[in-house]
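Input: a single structure, listed below in structure tokens.
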Amino acid sequence: MASQHDSLSEATGPQVSLPLGRGRFRSDGLQLRIGILLILLTGIGPSLLGNSYWEHTFQLVNILIAVAVLQNFLFVDAGQKSFGQGAILGLGAYGLAIASGIHGAPLTLGVLSAVGAAMLGGLLFALPALRVQGFHLGFATLSAAIVFPQLLIQFDDVTRGINGISLSVPALTKPLVWGLSGLTLLVTAVPIAALLLHYGIRTARLGRRMRVAAESAEAARALGVRPGAMRALAFMIVSAGTGLCGALYVPAVGFISPQAFIIELSFTLFFVVVVGGRGQLLGPIVGIWVIYIVPNVLLVQLVEYRLLIYGFLTLAVVIAFPDGLVGTVEMWRRKRFQRGGGEQGFRLAPFSETLEKVAPRPAPAAAAPPILEVRGAVKRFGQVVALDRVDLEVRPGEVHGLVGANGSGKTSLLNVISGFSRLDGGSYSFRGRDVTRLNATGIARMGLGRTFQTPRIFTDVSVWDNIQLGLDARPTPLDPEMARLAERFREVYGEDNPALLAHGQRRLLEVIRVVFADPALVLFDEPAAGLAPAERAEFSRLLRQISTRLGMSVILVEHDLDLVWDIADRITVLETGRVVASGPPQVLAQDPAVQHLFVGGAHA
Amino acid sequence: MLSEIAIIVVRGVAIGSLFAIIAMSFNIVHNATRILNFAQGNIFILGGFAAYFLADNAGFPTWLLMLVVTGLVMAVLVAMQGWLTLLPLRGNSAEQDSWMISTVSVSVIIAAILMLVYGPFAYSVGGVVPAFRIFGVKTPGAFLLAIAAMLGCYFLLSWFLRHSFTGLAISALSQDFDAARAAGLNVRGLQLLAFGISGLIAGSAGFMVAPMISVSPDAGLRYVLNGFIAAVIGGIGNNTGALIGGPLVGVMAMLMAYKVGGAYQDLASLIVLVVILMFWPQGLFGRATARRV
């Protein structure tokens with residue numbers, strides 16, 4: 001394992017072949033294939049064998065699987081818990097049943113009406129999702145699940161109330177080939193499509209960005225992602241898909257009434273995802289089989305106790321096997337085949353060696369306008385003044401050190417510059433534009449990157465995926481040298497487990513991520529804390545390179561004054577929220593106001 | 001006209017008091033753990049069932065004794081629930097997945113048991129406080145009791161959280177777990193205590209106001225939902241906000257019932273919730289907290 005990483009650091013040419021590691025970090029591809037196989041078997045198997053009981057049972061089961069797959073996506077990839085998916089399914093079903101069953105509209109129109117109704121319902125979740133997340137949406141979805149069946153009964157002139165609507169579509173139930181009806185084929189195709197959709201989004205840029213938004217809103221905003229928009233989009237995608245499932249539900253069951261879409265259904269769909277294994281592609285399939293088929297088909301005498309059993313089962317899973325049935329197996333597999341970590345788990349060397357080959361940017365003219373200009377910044381937290389009329393100027397391509405004791409306002413200043421907190425007074429401009437009122441996402445999209453004191457590393461995706469998030473945020477294509485490097489990172493770290501990285505390595509990983517995003521100005525918040533001496537030297541070389549070779553400006557907050565002293569072009573010293581000195585290191589060394597900071601250091 | 005307004009206000013404030021009480025029982029747990037207990041509505045309804053079986057039409061001494069017993073039993077039950085909920089959460093309780101799932105499943109379990117044992121019926125409970133008249137309209141005594149319970153709960157909690165050592169320690173948790181732990185506080189113990197107190201509040205409130213609520217297995221969800229709306233309007237964690245948010249929601253619900261009929265009350269709740277979350281997600285009286293990055 002270690003040798004594999006050495007080969008990366010020593011040779012940067014594309015001719016070196018890397019040994020393939022065993023095992024994958026995630027088994028999504030395998031789970032996808034097994035899932036499709038299981039749905040195919042259960043979807044068309046009973047019809048081929050001519051067993052109409054299992055045919056009907058699995059038609060309903062496979063529709064529910066498709067709904068649960070979408071819920072699983074919403075739950076983990078978008079991070080939102082919905083207790084209202086039963087209501088969305090019902091909206092889809094009633095959309096079709098009212099349009100085609102009552103008013104005799106053509107089926108295509110009926111399906112459109114199903115998807116439309118479900119998406120309108122989804123708006124109730126998506127709109128608040130723009131502002132809030134987590135339990136807030138949990139309550140909103142719960143509320144919708146309570147209200148939906150009531151409305152079906154209240155508006156009985158539209159919905160026929162408790163009498164329900166029946167709709168049979170002979171064209172769909174007529175066997176086409178080998179005893180397979182159009183309905184059977186559709187009911188098999190839709191859950192497979194849902195699985196492919198889940199897998200497709202997850203492995204795409206959209207899915208990665210959604211996941212970051214779900215796990216760390218701050219990291220997402222620093223990468224130019226709007227978390228609210230991601231949540232709302234996820235709710236709308238899921239609603240559209242669930243509406244389609246609702247449309248299928250009607251011909252599969254033949255009759256719908258409010259009783260079919262009570263809150264119990266929503267809870268069941270939620271529990272299915274948890275018991276099967278949150279985030280596992282196979283989870284919803286196994287979950288439905290365990291939660292739905294076992295009590296409803298095999299233990300019919302227990303139907304009354306169904307909800308009670310679901311409740312206890314889910315509680316037991318959360319406490320004893322939080323990863324669920326499939327997830328527990330997956331975690332065991334991941335542990336067994338995990339790779340990465342160790343001293344060579346993540347290194348900067350290949351990155352800085354590649355940068356050596358990039359032609360240096362011409363030094364910007366001394367008269368070039370500053371890329372960042374902070375004027376009279378004031379930030380208060382209650383009675384505490386964190387920033388007191390701070391002025392700061394960063395020139396293009398400059399490494400600007402920001403030093404001061406704990407509590408002197410360094411991180412507060414970084415948070416203001418990156419748009420995470422608003423100024424109480426003063427203003428600042430970035431790339432010549434006043435951005436005092438602009439939010440973090442907007443500033444990130446203008447070309448500002450940052451790292452955090454606690455690195456935002458996502459342990460559920462591979463080391464390479466963590467780097468790729470930076471590439472996803474990049475506005476311009478990589479130049480060929482860097483693209484080759486990215487490809488090599490993908491080969492080497494594609495299946496590495498980031499949980500095995502030491503703290504210092506995580507910081508470096510975050511640094512690489514942000515540099516790949518190609519910001520014009522990047523803020524590093526104590527990047528060298530916890531680095532080994534060799535890593536520190538490597539890091540300082542990288543810092544110089546990203547300024548000289550890539551032309552980025554850097555603001556470096558760091559307690560290691562030697563490091564700052566060595567590489568900063570200019571240094572600003574903060575003390576209790578005020579700038580006490582600012583200038584090139586040689587000048588600061590003469591400044592009596594700040595000399596005490598450097599006393600005892602090598603440069604005093 | 002005036003009498004109608006008065007009735008709407010009195011009934012709305014009384015029903016809203018229940019929402020405020022549930023909101024306050026949310027708040028103490030949330031401040032200590034960042035958890036919102038989805039089962040809180042069913043705890044409240046369990047209190048109502050206790051009143052039906054232990055103190056229906058009982059004399060005042062029996063009623064009072066049973067109130068205390070119910071409150072204590074609920075405190076113990078919810079503390080146990082809290083223990084289970086906190087079990088998978090190591091360190092901080094910020095991870096949302098696990099507690100939302102476990103509190104929702106406990107909520108479903110309680111409702112399912114009540115349904116299996118008592119069926120889908122609403123039980124009516126006789127009260128100890130006699131009915132009174134407002135503008136000539138008979139009003140159950142429980143309405144007064146509800147408002148009194150809300151005020152009592154508010155002032156007792158305020159005193160406890162500001163003046164007792166334990167209460168101050170729980171308040172400290174709402175600021176920062178790590179700092180509290182570093183200061184030598186038994187974080188887990190205080191969190192369980194907070195769960196216990198929330199059970200005491202919700203359970204005994206359900207017991208006291210049983211005559212004015214529908215004591216049925218499926219009512220819990222409605223109360224937890226309206227309690228949450230009251231908490232959001234007041235700003236989650238803010239008891240003074242809940243004191244205003246609860247009656248506000250109650251009066252809105254009564255007004256809605258009066259204008260368009262009681263059948264749309266849950267729809268009204270949904271709409272209010274969605275609108276509040278869209279436009280005032282921090283609540284109308286929420287407190288600003290410094291963002292930590």
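Every value quoted in this text rests on a predicted model; they were computed, and no experiment measured them. First the proteins, then the strands, lettered A, B, ... as listed; each starts at 1.
- For a residue to count as touching a neighbouring chain, one of its non-hydrogen atoms must lie under 4.5 Å from one of that chain's; by this rule A/F148 does not touch chain B.
- Atom CG of A/L315 sits about 6.0 Å away from atom CG of B/L84, to the nearest 0.5 Å.
- For the pair A/K81 and B/V104, the minimum side-chain heavy-atom distance is 4.5 Å or more.
- Heavy-atom distances place no part of B/V275 under 4.5 Å from chain A, backbone and side chain included.
- At a 4.5 Å heavy-atom cutoff, the contact between B/L273 and chain A is made by side-chain atoms alone.
- Only the side chain of A/F267 comes within contact range of chain B, judged by heavy atoms closer than 4.5 Å.
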Quiz item: Can you check side chain to side chain contact (heavy atoms under 4.5 Å, CB included) on B/I101 and A/R278, steps first, answer last?
Solution: CA-CA 11 Å; B/I101 301 164; A/R278 286 172 264 165; 3.7 Å; yes
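- Under a 3.5 Å cut-off, the side chain of A/R131 and the backbone N or O of B/L277 do not form any donor-acceptor pair.
- Put simply, CG on B/D266 and CD1 on A/I146 are 6.0 Å apart, with the number rounded to the nearest 0.5 Å.
- With chain B as partner, the option from A/G311, A/A129, A/S143 having the largest number of non-hydrogen pairs under 4.5 angstrom is A/S143.
- Only the side chain of A/F83 has a heavy atom closer than 4.5 Å to any heavy atom of chain B.
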Quiz prompt | Verdict with reasoning, A/F139 to B/V224, per side chain to side chain contact (heavy atoms under 4.5 Å, CB included) | solution = CA-CA 9 Å; A/F139 277 103; B/V224 80; 4.2 Å; yes
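- The local environment of OH in B/Y123 is crowded, with over 12 non-hydrogen atoms from other residues, nucleotides or ligands closer than 6.0 Å.
- For a residue to count as touching a neighbouring chain, one of its non-hydrogen atoms must lie under 4.5 Å from one of that chain's; by this rule A/L127 touches chain B with backbone and side chain alike.
- Of the inter-residue distances, the one linking A/I319 atom CD1 with B/L86 atom CG reads 10.5 Å to the nearest 0.5 angstrom.
- Using a 4.5 Å cut-off between heavy atoms, B/Y264 touches chain A through its side chain atoms alone.
- Under the 30°/60° scheme for interplanar angles, the aromatic rings of A/F135 and B/H30 are found to stand perpendicular.
- Taking a 6.0 Å sphere around CG of B/L116, one finds it holds more than 12 heavy atoms contributed by other residues, nucleotides or ligands.
- Near-neighbour residues of residues 245-254 of chain B relative to chain A, defined by a heavy atom under 4.5 Å from a heavy atom of that chain, are none.
- Taking each heavy atom of A/A140 and B/L270 in turn, the nearest pair found is O-CD1, 3.7 Å.
- Interface residue A/V318: backbone and side-chain heavy atoms are both found under 4.5 Å from chain B.
- Looking at A/L313, there are no atoms closer than 4.5 Å to chain B (heavy atoms on both sides), in backbone or side chain.
- B/L36 touches chain A through its side chain: at least one heavy atom from C-beta onward sits under 4.5 Å away, while N, CA, C and O do not.
- Going from atom CD1 of B/I109 over to atom CG of A/L307 covers 9.5 Å, rounded to the nearest 0.5 Å.
- Annotation for A/R226: atom CZ does not count as buried by contact number, only 12 or fewer foreign heavy atoms lying within 6.0 Å.
- For B/V274 against A/L124, the heavy-atom pair with the smallest separation is CG2-O, 3.8 Å.
- For the pair A/H136/B/V232, a side-chain contact is recorded, criterion being any heavy-atom separation below 4.5 Å from C-beta on.
- For chain B, the option among A/L142, A/I153, A/V76 with the highest count of heavy-atom pairs below 4.5 Å is A/L142.
- At a 4.5 Å heavy-atom cutoff, the contact between A/L151 and chain B is made by side-chain atoms alone.
- Here A/F271 is the residue among A/F271, A/F125, A/F75 with the most heavy-atom pairs under 4.5 Å with chain B.
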